[in-house]
**Q** 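One structure is given below, represented as structure tokens, and several questions about it will come after.
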There are 2 protein chains.
Amino acid sequence: MTASRRRASVDVLLPGRYEWYVKHFTNTRRVSDSTVRRLSLYLRYLEEFQRRGLKTVSSQELAHGTGTTPAQVRKDLSFFGSFGKRGLGYFVPELITKIRAILGLGREWRVLVLGAGRIGTALAGYPDFARQGFRVVALVDNDRSKIGGASGGVPVRDVADLERIVQQELIDIAIVATPAGAAQALVDRAVAAGVRAFLNFAPVKLDVPAEIALRNVNMALELEGLSFAMTSGRVLAV
Amino acid sequence: MTASRRRASVDVLLPGRYEWYVKHFTNTRRVSDSTVRRLSLYLRYLEEFQRRGLKTVSSQELAHGTGTTPAQVRKDLSFFGSFGKRGLGYFVPELITKIRAILGLGREWRVLVLGAGRIGTALAGYPDFARQGFRVVALVDNDRSKIGGASGGVPVRDVADLERIVQQELIDIAIVATPAGAAQALVDRAVAAGVRAFLNFAPVKLDVPAEIALRNVNMALELEGLSFAMTSGRVLAV
DNA sequence: AGGTGTGAATTATTTCACAGCG
DNA sequence: CGCTGTGAAATAATTCACACCT
């Protein structure tokens, strides 16, 4: 209490204290998941904006186009630097470059789809992935009648060769589009072979080591959210 | 300041005050989106649990199976009632019934898919939807070569007949799986025809009236989240 | 003993509001 | 002026911790 707020001599890094320390004395601020999601939305909107030939954009416009508030836009961006010009706004091409760098979109990411069923094949040919630098290199399946074929230009290969494919094709990301029961075992093999990130469409909780990135997309869950909103008379716009 | 905290005589419903009022004096507590999402996860896990013939479950087990904490499970459920038995846990079949009721899954929801492309047709045949009572009744498209056909038992109809289909088939929910540019106009028509909820897969911000429920699934955005996590050395498990 | 239900405390996220710069 | 960048304030969500039941 008597020491200055910025340098108390007996301050020890207790739980809670630690977070505070990180936040105030390092540049390793925790960026929330919601912030990252919004950055993607800003990027999408900026690209559209650029297509229309516009040069600068204000936090106001960006917020309106992505369903958030101007303060939120500025706060989100301020985690990563000062990209705007006061009185003017942000230069569209420059901000696109910055956000792409933040999101790690300056390179090509190599993607393998696990499961060549309806969802897997639909995702393999999804044009938005390629547009942002996610290149789907192959699908794998265990169905003999599918192996050797191709879907939207992407070859279907034998899941038995998973490890070899991951290593030869330098796979970064796997999209899990298998039945729920098969997912965890394949993910374990993929992790062991070197895949560092997973986008999971199977309706199961996947266990992965802490250093592996994982996101879940659960479509039935989204419909249930709509069902809840309609039933309870509330509205959930997310 | 001098009045009791629970009944200050000049308390007016200012912004902020209003929320406090609702929270403390009505039973209309705001349920957060994250709570609703977790209820869906609990339900999924409970169904699996029941399949294995287990009769009771603790908040501990439920949390472990869904990637959250026991306190969170209890808090989520307590928004809606007291479903557990102290010292014992929750009865699995009973809790399933309760959660299904909360989420509004006691009825069949009728679903129309807008767009019979890869994503649309994949979703039309997605077995998890039917399992929770979401019945995909039809797809619509403007491609003559698709109209009249069927995908996974679901007929493809002419988008020109959208209004008639919504009304005749009593559509509750539309899944938007069209190209980005076509989405908003179709959604406007669907709203006018009586659709009350939308699950949007198109990478655009849709504008809908406040009483219409809307959820967005943006798959490129999820991949970008993984890209960020790998680039920044942080991990985002969601 | 074992596990729920829930206020209170903590932590996270959003919004406000305004100094300061172009 | 107009609009950013950002501490401070307000809200929201999560976690703690414990009284209380069975």
Side-chain angles (χ1 to χ4, degrees), chain A residues 5-6 14-24 27 29-39 41-42 55-64 66-92 94-95 98 234 236 238, chain B residues 5-6 14-24 27 29-39 41-42 55-64 66-92 94-95 98 234 236 238:
Chain A
R5 261 180 77 252
R6 307 212 56 180
L14 299 172
R17 291 314 277 162
Y18 175 71
E19 288 297 324
W20 183 87
Y21 174 85
V22 166
K23 193 164 165 185
H24 288 262
N27 54 8
R29 311 198 167 196
R30 253 283 274 304
V31 176
S32 78
D33 181 55
S34 354
T35 293
V36 177
R37 304 182 93 85
R38 281 189 303 260
L39 287 177
L41 295 175
Y42 303 154
K55 288 302 172 211
T56 65
V57 66
S58 65
S59 59
Q60 170 85 215
E61 291 166 301
L62 213 30
H64 181 260
T66 56
T68 181
T69 64
Q72 184 75 79
V73 170
R74 298 199 300 275
K75 184 68 98 182
D76 285 339
L77 294 174
S78 78
F79 278 116
F80 302 97
S82 298
F83 307 135
K85 299 274 170 280
R86 296 178 190 225
L88 184 60
Y90 304 85
F91 289 115
V92 174
E94 185 189 321
L95 190 53
K98 296 291 190 188
R234 265 180 224 91
L236 299 180
V238 179
Chain B
R5 261 181 76 252
R6 309 212 55 180
L14 300 172
R17 293 311 279 161
Y18 175 71
E19 287 299 323
W20 183 87
Y21 174 85
V22 166
K23 195 164 165 184
H24 287 263
N27 53 6
R29 310 196 167 199
R30 253 281 274 305
V31 177
S32 79
D33 181 55
S34 357
T35 293
V36 177
R37 303 183 94 85
R38 283 190 301 262
L39 288 177
L41 295 174
Y42 303 154
K55 288 303 172 208
T56 65
V57 66
S58 66
S59 58
Q60 170 85 215
E61 291 165 300
L62 213 32
H64 181 259
T66 56
T68 182
T69 64
Q72 185 74 81
V73 171
R74 298 200 299 276
K75 185 67 98 183
D76 286 338
L77 295 175
S78 78
F79 278 117
F80 302 97
S82 298
F83 307 135
K85 298 274 171 281
R86 295 179 190 221
L88 183 61
Y90 304 86
F91 290 114
V92 173
E94 185 188 321
L95 190 52
K98 296 289 189 188
R234 267 181 223 90
L236 298 180
V238 179

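Residue numbers begin at 1 in each chain, while the letters A, B, ... track the order of the sequences.
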**Q** For A:Phe91 and D:dT4, what is the distance between atoms CZ and P respectively, to the nearest whole Å?
**A** 12 Å

**Q** In whole angstrom, what separates A:Asp33's CG from D:dA12's P?
**A**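 In whole Å, D:dA12 P and A:Asp33 CG are 20 Å from each other.
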
**Q** How many whole angstroms separate atom CG of B:Leu95 from atom P of C:dT4?
**A**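 Spelled out: CG on B:Leu95 to P on C:dT4 is 11 Å.
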
**Q** At under 4.0 Å, does any side-chain N or O of B:Gln72 touch on OP1 or OP2 of D:dA13?
**A** no

**Q** Can you tell me the distance, in whole Å, between the CG atom of B:Asp76 and the P atom of D:dA12?
**A** 17 Å

**Q** Once rounded to the nearest 0.5 Å, what's the spacing between atom OG1 of A:Thr66 and atom CG of A:Leu39?
**A**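 Answer rounded to 0.5 Å: 10.5 Å.
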
**Q** List the steps and the verdict of side chain to side chain contact (heavy atoms under 4.5 Å, CB included) for B:Lys98 and B:Glu94.
**A** CA-CA 6 Å; B:Lys98 296 289 189 188; B:Glu94 185 188 321; 4.2 Å; yes

**Q** Please report, rounded to the nearest Å, how far the P atom of C:dA12 is from the CZ atom of A:Arg38.
**A** 16 Å

**Q** If you check the B:Arg86 side chain, which of C:dT14, D:dC21, D:dT15 turns out closest?
**A**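 The answer is D:dC21.
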
**Q** Between B:Ala71 and A:Arg74, which is nearer to the 5' end of DNA chain C once each is assigned its nearest nucleotide?
**A** B:Ala71

**Q** Give a yes or no on this: more than 12 heavy atoms of other residues, nucleotides or ligands lie within 6.0 Å of atom CZ of A:Phe83.
**A** yes

**Q** Return the OH to CG distance between B:Tyr90 and B:Leu77, rounded to the nearest 0.5 Å.
**A** 5.0 Å

**Q** Using atom CG of B:Leu62 as one end and atom C1' of C:dG3 as the other, report the distance to the nearest whole Å.
**A**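 These atoms are roughly 13 Å apart.
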
**Q** Scan residues 76-86 of chain A for pairs that pass side-chain hydrogen bond (donor to acceptor under 3.5 Å, both in side chains), counting only residues two or more places apart or in two chains.
**A**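 Applying side-chain hydrogen bond (donor to acceptor under 3.5 Å, both in side chains) to every pair that reaches into residues 76-86 of chain A, excluding sequence neighbours, yields A:Thr35-A:Asp76, A:Arg38-A:Asp76, A:Tyr42-A:Asp76, A:Gln72-A:Asp76.
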
**Q** Which nucleotide sits closest to the side chain of A:Thr69: C:dT15, C:dT6, C:dT4?
**A**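 That would be C:dT15.
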
**Q** Give A:Ser59 one of three labels, base, sugar-phosphate or nothing, depending on what nucleic acid heavy atoms sit under 4.0 Å from its own.
**A** sugar-phosphate

**Q** Quick check for you: among D:dT4, D:dA13, C:dG5, whose closest atom lies nearest to any side-chain atom of B:Ser82?
**A**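 Looking only at heavy atoms from C-beta outward on B:Ser82, the closest nucleotide is C:dG5.
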
**Q** Would you kindly give the CD-to-P distance between A:Glu94 and D:dT4, to the nearest whole Å?
**A** 13 Å

**Q** Using the side-chain heavy atoms of B:Tyr90, tell me which of these nucleotides is nearest: C:dT6, D:dT4, C:dG5.
**A**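 Side chain of B:Tyr90 sits closest to C:dG5.
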
**Q** Check the distance between D:dT6's C1' and A:Lys75's NZ and give it to me in whole angstrom.
**A**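 Taking NZ of A:Lys75 and C1' of D:dT6, I get 5 Å after rounding.
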
